[in-house]
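A short write-up of the structure that comes next.
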There are 2 protein chains.
Amino acid sequence: MDDTRRRLLMAAGEVFARRGYRDATVREICSLAGANLAAVNYHFGDKKGLYHAVIAGGHETGEALPKDQAALVAAPREALRVFCVAFAKKILSEAKPEWHGKLMAREMAEPTEALDEMVRTMIRPHWEALSGIVGRVLGEAAEPERVRQCTQSVISQLVFLSHARPVLNRLFPGDDWSVRSAAARGEAIAAFSLAALDGVRDAAGSKSEGGGECSASR
Amino acid sequence: MDDTRRRLLMAAGEVFARRGYRDATVREICSLAGANLAAVNYHFGDKKGLYHAVIAGGHETGEALPKDQAALVAAPREALRVFCVAFAKKILSEAKPEWHGKLMAREMAEPTEALDEMVRTMIRPHWEALSGIVGRVLGEAAEPERVRQCTQSVISQLVFLSHARPVLNRLFPGDDWSVRSAAARGEAIAAFSLAALDGVRDAAGSKSEGGGECSASR
DNA sequence: ATGCGTTTCAAACAGATGTTTGAATCGAGT
DNA sequence: ACTCGATTCAAACATCTGTTTGAAACGCAT
C-alpha cells in the first residue's frame, strides 16, 4: 500500500522544515517515517522529487488560506486586519501539517528550484490579494508603484515573524509564541500598517501630483 | 607571511555570503583565495573557526554603520530616515567587503552558533539605536511594548529587502537593485514607517489610556 | 498452492567534503 | 653555509550522504 508514501511525505515535511533541504538527510526522514532507506528513491525517484512532492502537496491546510479568509470581508480595512491575523497565525503555527509556512520562509532565503513553483502557486496569489486590499485602502492614492511598495511593507512585517524568530528569541527571551500571541502580533502589524496607509494616502492627497517617490519627511 | 590569512578571510566572506555556511566548501574558498586546501586548517583550525573569524572581523565597513550615521542626526524623524537609507544601502550593497549584511541575513534564517555573537555585537546595538529613535518619534505615546512592536515593524521592512530578494526578483523581474535604487527603497520604507508612527501616536493620544493592544480598525 | 507484479529490506556503492599528514619550501638569524 | 621554526603543498584519509542493487517478503488473482 502507499501508506509508506504518506508517512514519508509527513516525515519529510517535518524534517525539511526543521533542517532545510540541504541539511535534511534521507536517513533521518526514513527513520522518522519508519521506512527503509531505499523507500524514498522507490516512491519519489530521489531526494529532490520527495521535496517537490512535499511542496506541491502542502495545500492541505487546516484553516483557510489568509487570502481566502480576507476575500470574505468586504470592508478593506477589516480585510487587511483579517489577512494579517490569518497570515501570522499560519506562519507561526506549530501544528503538524503546518510546516508549509516554514518551508516557504526557507525557500525565500535560500531558494532551490522549487521556489519558482512556490511563487506561482502560493506567494504571487497572496501578494496580489494583499495588493488589492492595500489598493482599496489607499483609495484614489493607489498608484501602482505606491501600492507595490506598501504591499511589500505589510508583507515584510508578517514574514519577519517567522524569518527572524531565532533573533527575536535572543533579543526577547521571554516572548510568548502561542497561537493567541500570534494573533496579537498580526493585529499589531495590521494596526501599524493601517496607520501607515492612512498617512501615505493623506500625504499623497495634499500634494495633488506625487512624483516617483513620496518622502514626506517632517 | 599572513597574507594568505587575509586572502582566506576575504574569500571566505564572499563564499559564505553567497552559499551559506553549509553549502560553502573549503575547497572553493581556498581556490578563490589562491591558497592550498590545508591552509584553512593551518590558520583557523577548521571551517568553523574560519567562519567565526569572518563574523568577528566583519566590522571593516566602508561607510559608517547605520546606527552611527543616524546618531549624528538630532531630529528624530530625520534620524529615522537616515537610518533606513543607510541600512538599505548596506544590506543591498554588492561591494566586496560588504558581504557582512548578507551573512547576517543568512544567520537570522538559519542560525549557527555564531548568531549569538552577531546579536551581541551588531544586531542588538542597531535594534536599540532604532528603538531610541522610534521612541522619540512616538513622543509621549512611547510605551515600551508599543516601541518594541513599532521598532520591529520598521526593521522587518528593511531586512525583507535582502531576505526576500529571490522572491522579489521573481515577482518583479525588471527591478533595479543599484545603490541608488537601494536608497530609494530606504526612503520609501522611512516614509511608510513615519506615517505609521504618526498614526499610532495620534491613535494612542486620542484614547487617554491604551490597553494591551491598539487595533484602531475602521 | 502457484505465479507475478509490487513493495520492502539490508548491504554496498560512489561522490563530495572536512580534516590530517608528512615531506618540501621558505625566511630570517647566526 | 647552516639551522630551525613557520608556512605551503600534494596526497591520502575518514565520514557523511544520496543512490543503486539484488534478493526477500508480500498481496492477490488464477
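All chains are named by letter (A, B, ...) in the order of the sequence lines, taking the proteins before the strands, and each is independently numbered beginning at 1.
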* To do: Step through the shown structure and confirm whether more than 12 heavy atoms of other residues, nucleotides or ligands are within 6.0 Å of NZ on B/Lys89.
  =>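 Not buried by this count: 12 neighbours or fewer within 6.0 Å.
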Would you mind reading off the distance between [X] atom [atom1] and [N] atom [atom2], rounded to a whole angstrom?
X       : N      : atom1 : atom2 : value
B/Arg7  : D/dT8  : CZ    : C1'   : 11 Å
B/Lys47 : C/dA16 : NZ    : C1'   : 12 Å
A/Asp3  : D/dG27 : CG    : C1'   : 15 Å
A/Arg22 : C/dA16 : CZ    : P     : 11 Å
A/Arg5  : C/dT6  : CZ    : P     : 15 Å
B/Arg19 : C/dA16 : CZ    : P     : 14 Å
B/Leu37 : C/dG18 : CG    : P     : 9 Å
A/Phe16 : D/dT17 : CZ    : P     : 13 Å

Among [options], which nucleotide has an atom closest to any side-chain atom of [X]?
X       : options                : value
A/Ala38 : C/dT17, C/dT20, C/dC9  : C/dC9
A/Tyr42 : D/dT19, D/dA12, C/dT8  : C/dT8
A/Asn41 : C/dT8, D/dT19, D/dT7   : D/dT19
B/Asn36 : D/dA10, C/dG18, C/dA11 : D/dA10
B/Thr25 : D/dA12, C/dT17, D/dC9  : C/dT17

* Asked: Between D/dT8 and B/Thr4, is there an OP1 or OP2 to side-chain N/O distance shorter than 4.0 Å?
  ->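 Checking D/dT8 against B/Thr4, a side-chain N or O does come within under 4.0 Å of OP1 or OP2.
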* Asked: Does B/His43 place a side-chain N or O at less than 4.0 Å from the phosphate oxygens OP1/OP2 of D/dA6?
  -> no
* Return each pair, listed once, that meets ring pair (Phe, Tyr, Trp, His ring centres under 6.0 Å) where at least one residue sits in residues 4-34 of chain B; pairs must be two or more places apart or across chains. =>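 Counting only pairs at least two positions apart or across chains, the ring pair (Phe, Tyr, Trp, His ring centres under 6.0 Å) contacts touching residues 4-34 of chain B are B/Phe16-B/Tyr21, B/Phe16-B/Tyr51, B/Tyr21-B/Tyr51.
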* Asked: What distance separates A/Ile91 CD1 from A/Leu158 CG, expressed to the nearest 0.5 Å?
  -> 6.0 Å
* Does B/Glu117 come within less than 4.0 Å of B/Arg120, counting only side-chain N to carboxylate O? -> no
* Asked: If you pin A/Arg27 and A/Ala35 to their nearest nucleotides in DNA chain C, which one's is more 5'?
  -> A/Ala35
* Asked: Within 45 degrees of the axis of the six-membered ring of A/Trp177 and under 6.0 Å from its centre: does A/Arg185 put its NZ or CZ there?
  ->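 Cation-pi check for A/Arg185 and A/Trp177: passes.
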* When you check the side-chain N and O atoms of A/Ser153 and B/Gln157, is any donor under 3.5 Å from an acceptor? ->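 A pair is found: one side chain offers a donor N or O, the other an acceptor, under 3.5 Å apart.
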* To do: Please round to 10 degrees the angle between the axis of the first five pairs and the axis of the last five pairs in the helix from C/dA1-D/dT30 to C/dT30-D/dA1.
  =>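 That helix gives 10° between its end axes.
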* Asked: Can you name the nearest heavy-atom pair linking B/Ile189 to B/Cys84, along with the distance?
  ->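 Closest heavy-atom pair between B/Ile189 and B/Cys84: CG2-SG, 4.3 Å.
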* Structure fact -> The answer to which of B/Ala39 and A/Val26 contacts DNA chain D further toward the 5' end, by nearest nucleotide, is B/Ala39
